[in-house]
Peer 1: 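This is the structure, below, for whatever I ask next.
The basis for the numbers below is simple: all heavy atoms, side chains too, and nothing from hydrogens, waters or symmetry mates. Whatever order the structure lists them in is the order used to number ligands and atoms, beginning at 1. Position 1 is the first residue of the sequence, and the numbers go up from there.
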Amino acid sequence: MEDAKQAALPAAPAQEQRRVFPAGLLRLSLGFLLLGVGVGLSAFGLFLARHSEAVAAAAPALFRPCVAAPEEGEEMELERWIRPPARARHAMTDEELLWLASSAPRARGHRGYPFRRVPKVAFMFLAHGPLPLAPLWERFFRGNEGRYSIYVHTMPVYRANFTSDSVFYRRQIPSKVVEWGQMTMCDAERRLLANALLDISNEWFVLVSESCIPLFDFNTTYQYFQNSSQSFVMSIDDPGRDGRGRYNLNMAPEVYLEQWRKGWQWFEVDRELAIAIVRDTLYYPKFKKFCRPGCYADEHYIQTMLTIEATHSLANRTVTWVDWSRGGPHAAHPATFGRGDITEEFLRGIRGGETCMYNNQNSTMCHLFARKFAPSALEPLLELAPTVLGFG
Ligand SMILES: *[C@@H]1O[C@H](CO)[C@@H](O)[C@H](O)[C@H]1NC(C)=O
Ligand SMILES: *[C@@H]1O[C@H](CO)[C@@H](O)[C@H](O)[C@H]1NC(C)=O
Ligand SMILES: *[C@@H]1O[C@H](CO)[C@@H](O)[C@H](O)[C@H]1NC(C)=O
Ligand SMILES: *[C@@H]1O[C@H](CO)[C@@H](O)[C@H](O)[C@H]1NC(C)=O
Ligand SMILES: *[C@@H]1O[C@H](CO)[C@@H](O)[C@H](O)[C@H]1NC(C)=O
């Protein structure tokens with residue numbers, strides 16, 4: 001990135017040029033050195049792509065990296081344009097990233113894509129640092145390569161150290177500080193969506209946290225999104241102080257009080273809605289300016305914006321189960337479950353203990369994920385997963 005910018009600088013006047021020549025030469029040789037390292041790394045990446053399941057998982061068969069750059073005179077084929085980035089790290093600023101993702105390709109209407117495309121579910125982990133429940137997720141993903149992709153946002157100082165056989169290996173995206181309840185939380189969500197949009201195969205985008213667990217096997221989860229005519233964003237009109245009470249009159253005319261919505265943060269959106277969120281420049285400034293503490297942006301921004309822009313695409317409910325019953329009606333945080341809470345009965349209860357609407361039908365399958373689970377819950381969860389959750 002830097003090298004390209006350097007190279008594009010206009011030539012300095014002759015005098016100047018002579019004076020800086022040695023430094024320029026040094027920069028030039030450094031450039032070649034870096035280029036060499038880059039080529040080496042790509043070759044290494046190719047080696048991994050061919051020999052490692054984990055890397056292959058990030059690239060479906062059609063989009064495997066090709067070996068050679070096009071020869072002089074050779075036409076570039078479509079597959080070279082649509083190949084997803086091989087790793088999640090990049091050097092783009094948020095501004096550059098959102099711009100790029102805003103024009104990410106999509107299929108309009110029923111025409112579909114002019115190539116064979118296996119749609120994928122993008123799992124976007126919004127975490128502080130480590131993923132203590134990763135072993136459970138590893139089992140959930142195992143055997144489903146090519147139908148999912150993973151993106152991890154953490155505190156910027158945190159460096160994940162997953163090994164190359166992990167599904168989380170090199171899936172950390174460039175991240176920034178997130179403050180609870182602030183617009184920076186929505187920034188992180190948009191950053192995750194934008195990164196995931198760069199892979200054309202990603203069709204459904206799910207936001208999860210380090211304390212979330214999957215409740216069903218991968219195929220069931222995948223089909224639940226695939227079969228649904230709507231996206232799972234919780235959006236309700238709450239007349240109380242934690243709902244309409246957080247509305248600020250300055251939001252008008254972009255958002256009027258009757259349009260103000262609330263819902264838990266953990267959403268699932270399709271590609272169309274994901275693009276709508278990353279390209280938004282209408283509602284975002286209003287929320288950034290007028291939804292401040294007392295108003296929790298992550299409970300209102302996406303919910304309100306999508307309700308105005310795409311009302312009929314929303315199921316108005318989330319697929320992530322959570323228990324707010326402990327701590328009273330205005331509790332700031334939901335219940336956390338640890339080792340002692342994990343029983344077969346408990347898990348069966350959250351898998352099928354409610355009724356909801358699914359494609360305009362009554363259904364008892366309302367939640368695909370659940371939170372919040374402490375690291376101590378991992379062991380009993382791994383034990384019960386094969387019999388109760390259907391994987392592992
Ligand atoms: C990764 O980090 C954990 C905890 O910080 C540490 O126990 C482990 O040894 C590290 N693994 C590698 C491969 O560096
Ligand atoms: C899940 O679905 C895929 C693709 O349809 C299929 O190949 C695989 O056998 C299924 N796995 C299970 C465990 O049913
Ligand atoms: C999705 O639809 C297919 C085909 O109609 C059906 O066999 C499958 O059970 C459905 N899966 C879910 C989770 O709704
Ligand atoms: C979701 O709520 C909106 C109003 O905010 C309503 O128009 C829409 O019909 C609701 N969708 C479903 C599936 O209930
Ligand atoms: C769903 O269930 C409710 C009550 O349990 C019932 O009144 C309603 O008719 C059902 N709706 C459908 C579409 O089956």
Peer 1: Just by distance, with hydrogens left out, do N195 and H90 show a side-chain donor and acceptor under 3.5 Å apart?
Peer 2: yes

Peer 1: Do ligand 5 and Q361 have nitrogen or oxygen atoms that lie under 3.5 Å from each other?
Peer 2: no

Peer 1: Just checking, R351 and F216: is the charged tip under 6.0 Å from the six-membered ring centre and within 45° of the axis?
Peer 2: yes

Peer 1: Is R171 close enough and on-axis enough to Y151, meaning under 6.0 Å and within 45°, for cation-pi?
Peer 2: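 Judged by the rule, R171 and Y151 form a cation-pi pair.
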
Peer 1: Can you tell me how far CD of E354 sits from CZ of R317, rounded to the nearest 0.5 angstrom?
Peer 2: 9.0 Å

Peer 1: Does the distance from a Lys or Arg side-chain N to an Asp or Glu carboxylate O, for R348 and E344, drop under 4.0 Å?
Peer 2: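 Looking at E344 together with R348, the answer is yes, because their closest N to O distance falls below 4.0 Å.
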
Peer 1: Can you tell me which residue pairs pass the ring-ring contact (aromatic ring centres under 6.0 Å, His included) test with a partner in residues 171-209, sequence neighbours excluded?
Peer 2: W180-Y296, W180-H333, W204-Y222

Peer 1: Using a strict cut-off of less than 4.0 Å between a Lys/Arg side-chain nitrogen and an Asp/Glu carboxylate oxygen, indicate whether D187 and K176 qualify as a salt bridge.
Peer 2: no

Peer 1: List, for ligand 3, each N/O atom that has a protein N/O partner under 3.5 Å away, with both atom names and the distance.
Peer 2:
from     : atom 1 : to   : atom 2 : distance (Å)
ligand 3 : 2 (O)  : N227 : OD1    : 3.1
ligand 3 : 2 (O)  : N227 : ND2    : 2.2
ligand 3 : 11 (N) : Q223 : OE1    : 3.1
ligand 3 : 11 (N) : N227 : ND2    : 2.9
ligand 3 : 14 (O) : N227 : ND2    : 3.1

Peer 1: Please could you name the atoms of ligand 2 that R147 approaches to less than 4.0 Å, counting only its heavy atoms?
Peer 2: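 Close to R147: 1 (C), 2 (O), 3 (C), 4 (C).
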
